[in-house]
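Quick notes on the structure that follows.
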Amino acid sequence: MASPARGNHVWVGSETGILKGINLQKKQATNYKFGDAVLSRHEAVTTMCWGDPYESEIYVGCLDGSVKLFSTEKGKFTESRDCREGEGPFCGLAVLDGSLITCVQSGLLKVWRDTSSENVEIQVGPGVCRMCQNPEQLHRVATGGKENCLKVWDLHQPQEPIFRAKNVRNDWLDLRVPIWDRDMQFLPGSEKIVTCTGYHQVRLYDPSSPQRRPVLEATFGEYPLTALSLTPDANAVVVGSSRGDVAVIDLRQGRLVKCLKGFAGSVRAIQCHPALPLVASCGLDRFLRVHNLHQKRLEHKVYLKSRLNCLLLTSREKWENEDSPAELQSDVKEEEDDEIWNSMEVVATKRKAETQPCCESGNKEPRKDKPSRKKKIRKAES
């Protein structure tokens, strides 16, 4: 029998090292920790990824350099692996042919094979903020960070990046524009990559074109953009800032489409559902929020007690229509009540006759209504 953890819709990693599973239909959040470990900020969850396409496993990267494997089928952590290489927290996790891919802030990207002699190590440059895997070509990953331009790497040929972005032209004062890529994602069906920067810019790159500079650029707000996610149709991107502003940017025209409200702190992670018009986000205000992209309505808001760093949203398409146990119990109760009422006998009651006997002989005459008290008072006044 599958664990109740399998029914959770969102998985969130906190700064206290707890993995939280949230069932939005039950409005219930469950905490999971590794063994009898004492909660500490040194074990804060910094990044997560699915371990398989069936979403039965989750890899959790912690600040202390360990990567833990959580089984949604068993509802518990099953193993832990020490991946303490390089310096700084994990900036990304991925899985390739059963092997784990890690990237840390110092710039060490490593593929952990079964034997240490087969491990692949790549120096992608210091100050890395994000490592992202191409979901259609799993052997390709993108990296970027502070003064570390966007690069795309082929893990089968890791000697040199297959694409290296070029910084935009100098500004109107002929000064160099600083580089600070905070998050990125591959567009499906193409080689394009969208990034958001710490200087409130959204940029679209096309490695298939001869131009290494962004083919589209848009700005939003005045604060650093910290996270992004593509909408289900891949025509727009949802971005969040360090101030708590969340907006939808059109990637075809580079314009602001709409803003989502209800945030009160820095946004650390955003993920759109691959099919439904839903986007989940979390951050330092300790709330998990799920918005409807079409109606800009806040569908769910869950307080999770600790500051949140990352999240995973299930790809199931019918989870919004799943019945909670409370609803199922109420339906069963209504059916039982119907059976009880149907089994009861129908008792016919006779209506009282509107006539009364006026004498002992049994002759019946229509009953005369007595004058009301109001009429008597009026006659007395007259």
Side-chain angles (χ1 to χ4, degrees), residues 47-59 61 67 83 90-104 107-114 118-125 128-145 148-166 181-196 202-216 227-238 251-252 270-275 310 312-315:
T47 183
M48 298 190 300
C49 73
W50 294 112
D52 59 351
Y54 305 103
E55 300 179 356
S56 63
E57 295 178 341
I58 301 175
Y59 280 105
V67 177
C83 299
F90 289 113
C91 301
L93 285 179
V95 178
L96 175 64
D97 299 331
S99 300
L100 187 65
I101 305 172
T102 63
C103 184
V104 294
L108 177 62
L109 189 152
K110 188 169 182 177
V111 182
W112 301 81
R113 304 291 186 183
D114 295 335
E118 298 179 355
N119 292 343
V120 178
E121 295 186 3
I122 307 173
Q123 289 292 337
V124 300
V128 178
C129 294
R130 185 80 169 94
M131 185 270 289
C132 177
Q133 185 181 36
N134 189 336
E136 296 181 349
Q137 296 176 326
L138 301 180
H139 61 282
R140 292 189 176 184
V141 297
T143 60
N148 189 342
C149 63
L150 172 68
K151 302 182 187 70
V152 179
W153 302 84
D154 188 342
L155 298 179
H156 293 164
Q157 299 174 351
Q159 293 79 14
E160 290 292 332
I162 59 176
F163 174 77
R164 187 193 301 267
K166 189 175 182 180
D181 291 327
R182 296 292 299 270
D183 200 358
M184 62 202 65
Q185 192 170 352
F186 288 86
L187 271 68
S190 68
E191 298 182 6
K192 296 179 180 179
I193 308 168
V194 60
T195 68
C196 66
V202 176
R203 292 170 176 166
L204 182 65
Y205 295 87
D206 189 359
S208 62
S209 68
Q211 181 178 353
R212 291 193 295 151
R213 289 190 171 99
V215 297
L216 182 143
L228 65 79
S229 180
L230 285 169
T231 56
D233 57 6
N235 291 327
V237 63
V238 183
L251 294 178
R252 295 166 295 183
I270 294 178
Q271 185 177 349
C272 293
H273 194 278
C310 50
L312 287 176
L313 180 64
T314 180
S315 61

Could you check if a side-chain atom of [X] sits within less than 4.5 angstrom of a side-chain atom of [Y], using non-hydrogen atoms only?
X: W50; Y: I58; value: yes
X: T231; Y: V238; value: yes
X: V124; Y: M131; value: no
X: L108; Y: Q123; value: yes
X: R164; Y: C149; value: yes
X: I101; Y: L93; value: no
X: F186; Y: P135; value: yes
X: Q211; Y: D206; value: no

What's the shortest heavy-atom distance between [X] and [Y], and which atoms?
X: V120; Y: P158; value: CG1-CG, 3.9 Å
X: Q133; Y: V95; value: NE2-O, 3.2 Å
X: L150; Y: D181; value: N-OD2, 3.5 Å

Run through V237, T195, I193, V215 and flag the one making a side chain to side chain contact (heavy atoms under 4.5 Å, CB included) with L204.
->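 Only one of V237, T195, I193, V215 forms a side chain to side chain contact (heavy atoms under 4.5 Å, CB included) with L204, namely V215.
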Could you check V111, V141, L155 and say which one makes a side chain to side chain contact (heavy atoms under 4.5 Å, CB included) with I122?
->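 Of V111, V141, L155, side chain to side chain contact (heavy atoms under 4.5 Å, CB included) with I122 is met by L155 alone.
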What distance separates M184 CE from C129 SG, expressed to the nearest 0.5 Å?
->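 M184 CE to C129 SG: 8.0 Å, rounded to 0.5 Å.
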Is a side-chain donor or acceptor of [X] paired with a backbone partner of [Y] at a separation under 3.5 angstrom?
X: E55; Y: S315; answer: yes
X: N134; Y: R140; answer: no
X: E136; Y: G189; answer: yes

Classify the ring geometry between Y205 and F163 as parallel (under 30°), tilted (30 to 60°) or perpendicular (over 60°).
->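 It falls in the perpendicular class, over 60°.
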